[in-house]
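To start, the structure itself, in structure tokens.
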Amino acid sequence: MTGHPPRTGRDGARARVASLGPYVMLALLPFGVFSWVMKGAILTDAQDGQLFNYPIRIIAGNMLAEGHLPLWNPYSFGGSPFFAALQAGQLYPVNWLFAVVPPVVAMNLVTILSYSLAATGTYALAREIGCNVFGAVIAALAFAFGGSMICRPQHTNILNSAAWMPVVLYWLVRFRHCPSWGVLAAGAVSIAIQFFAGHGQIWLYTLLVVLIYTASTAFGRQTQTAPGRYFFSVLLMVGLGIALAAVQLLPAMELVRQSTRATVDFGKVIHHSLPVEQLSMFLFPYLF
């Protein structure tokens, strides 16, 4: 007889516990990195963080604590739509901490938990695509503590949304390898929660990556369903996620049409673009 002998129940349990070790380490690591905030500091800056993202979450948390949905903000101008504005992430479960714990503690936990989610989600994704434990840990650290994440504590909704990108991609890759209704549903819920985190652009970028990945892997050897069925299933996952998010997506779309940004043309968008010669700094950062 060839092969390894089957593991006993105790050995299997030990193996499962050992496999959870990297997840626990990566989840707790941000609490060590940002341990200084546990002494009463706040993990955000004095600009967008404390002037905008922090107070709107306090307002939403107070409204939730009083037992009603934060639909209207009476403190902005003469009053303004609140639920449709997205940035406060009123339906993002982690933000509900503002209803039950002091605001500084809630803000720090919301921020730190985003790094924990980014790290553990990236680790799970890397393992699912075939990386070994060491490689997956490096990937997790590179994403969670890379420049695009570590410079975002003041942009709470961007940070929260970006942390869900590897989670959404994990369920997509998982569905490719092991298609099931449960995995499809988990992917749809993750898509909806990422939208509730409060930054529509990151959400759209994620959906774009989902579609690109699906198109590029439909005919791969590891895809366990026929290409047509695979495409349809992923579209169903995305469609269900959008449907779940529609409760806030539809009001947001209506409000955006009344925003000054709705009149911004392409020339305004590229007004602050860097000159072409700046591309050389990808290879020579100190060229200029």
Side-chain angles (χ1 to χ4, degrees), residues 3-4 7 12 15-27 92-93 114-144 146 148-149 160-197 199-246 249:
H4 298 287
R7 291 179 174 177
R16 287 191 291 272
V17 170
S19 69
L20 292 176
Y23 288 100
V24 174
M25 180 200 73
L26 291 168
Y92 187 51
S114 290
Y115 290 105
S116 297
L117 178 63
T120 54
T122 303
Y123 177 83
L125 173 61
R127 292 289 286 158
E128 187 63 30
I129 64 176
C131 292
N132 60 23
V133 171
F134 179 75
V137 168
I138 294 300
L141 296 177
F143 178 69
S148 63
M149 294 289 287
N160 294 346
S161 298
W164 277 90
M165 180 179 285
V167 178
V168 172
L169 296 179
Y170 165 78
W171 289 116
L172 175 64
V173 178
R174 183 70 177 168
F175 182 82
R176 180 192 172 205
H177 296 161
C178 304
S180 70
W181 286 109
V183 175
L184 189 148
V189 170
S190 297
I191 289 171
I193 294 177
Q194 186 188 32
F195 180 78
F196 294 147
H199 199 264
Q201 291 95 318
I202 299 294
W203 182 68
L204 288 174
Y205 297 156
T206 302
L207 296 186
L208 180 61
V209 172
V210 166
L211 295 177
I212 292 173
Y213 178 86
T214 303
S216 64
T217 59
F219 297 93
R221 288 181 299 175
Q222 293 182 336
T223 303
Q224 298 300 307
T225 57
R229 185 176 180 181
Y230 176 57
F231 271 116
F232 175 78
S233 299
V234 173
L235 290 177
L236 180 60
M237 178 190 296
V238 172
L240 289 174
I242 294 174
L244 291 172
L249 175 61

Which pairs, with at least one residue in [range] and sequence neighbours excluded, count as a salt bridge (charged side-chain N to carboxylate O under 4.0 Å, His left out)?
{"range": "residues 222-233", "value": "none"}
{"range": "residues 233-242", "value": "none"}
{"range": "residues 172-196", "value": "E128-R174"}

Minimum heavy-atom separation for [X] and [Y], please, with both atom names.
{"X": "A197", "Y": "S161", "answer": "CB-OG, 3.5 Å"}
{"X": "A163", "Y": "L117", "answer": "O-CG, 3.8 Å"}
{"X": "S114", "Y": "N160", "answer": "OG-OD1, 2.5 Å"}
{"X": "V167", "Y": "S190", "answer": "CG1-OG, 3.8 Å"}
{"X": "M149", "Y": "A144", "answer": "CB-O, 3.3 Å"}
{"X": "G241", "Y": "A192", "answer": "O-CB, 3.7 Å"}

*Determine, step by step, whether Y230 and T217 satisfy the side-chain contact (heavy atoms from CB on, under 4.5 Å) criterion, reporting the C-alpha distance in whole Å, the side-chain angles of both residues, the deciding distance to 0.1 Å, and the verdict.*
CA-CA 10 Å; Y230 176 57; T217 59; 3.1 Å; yes
Do [X] and [Y] touch side chain to side chain, with heavy atoms closer than 4.5 Å?
{"X": "W171", "Y": "V189", "result": "no"}
{"X": "V183", "Y": "C178", "result": "no"}
{"X": "S233", "Y": "T225", "result": "no"}
{"X": "M237", "Y": "V210", "result": "no"}
{"X": "L172", "Y": "V209", "result": "no"}

*Does Y23 have any ring pair (Phe, Tyr, Trp, His ring centres under 6.0 Å) partners at least two apart in sequence or in another chain, and if so, which?*
Y123
*asked:* Quick test of your reading: applying ring pair (Phe, Tyr, Trp, His ring centres under 6.0 Å), list the pairs with at least one residue in residues 175-195, sequence neighbours left out, ordered by first then second residue.
replied: F195-W203
Roughly how far, to the nearest 0.5 Å, is [atom2] of [Y] from [atom1] of [X]?
{"X": "I242", "Y": "L235", "atom1": "CD1", "atom2": "CG", "result": "9.5 Å"}
{"X": "F232", "Y": "T214", "atom1": "CZ", "atom2": "OG1", "result": "14.0 Å"}
{"X": "Y205", "Y": "Q194", "atom1": "OH", "atom2": "CD", "result": "12.0 Å"}

*Should L184 and L240 be marked as a side-chain contact (heavy atoms from CB on, under 4.5 Å) after you check the CA-CA gap, both sets of side-chain angles, and the distance that decides it?*
CA-CA 9 Å; L184 189 148; L240 289 174; 3.7 Å; yes
*What's the verdict on side-chain contact (heavy atoms from CB on, under 4.5 Å) for W164 and I193, showing C-alpha distance, side-chain angles and the deciding distance?*
CA-CA 8 Å; W164 277 90; I193 294 177; 3.5 Å; yes
*Knowing that exactly one of L125, T122, T206 qualifies, which makes a side chain to side chain contact (heavy atoms under 4.5 Å, CB included) with M165?*
T206
*For Y170, all residues meeting side chain to side chain donor-acceptor pair (under 3.5 Å), sequence neighbours excluded*: none
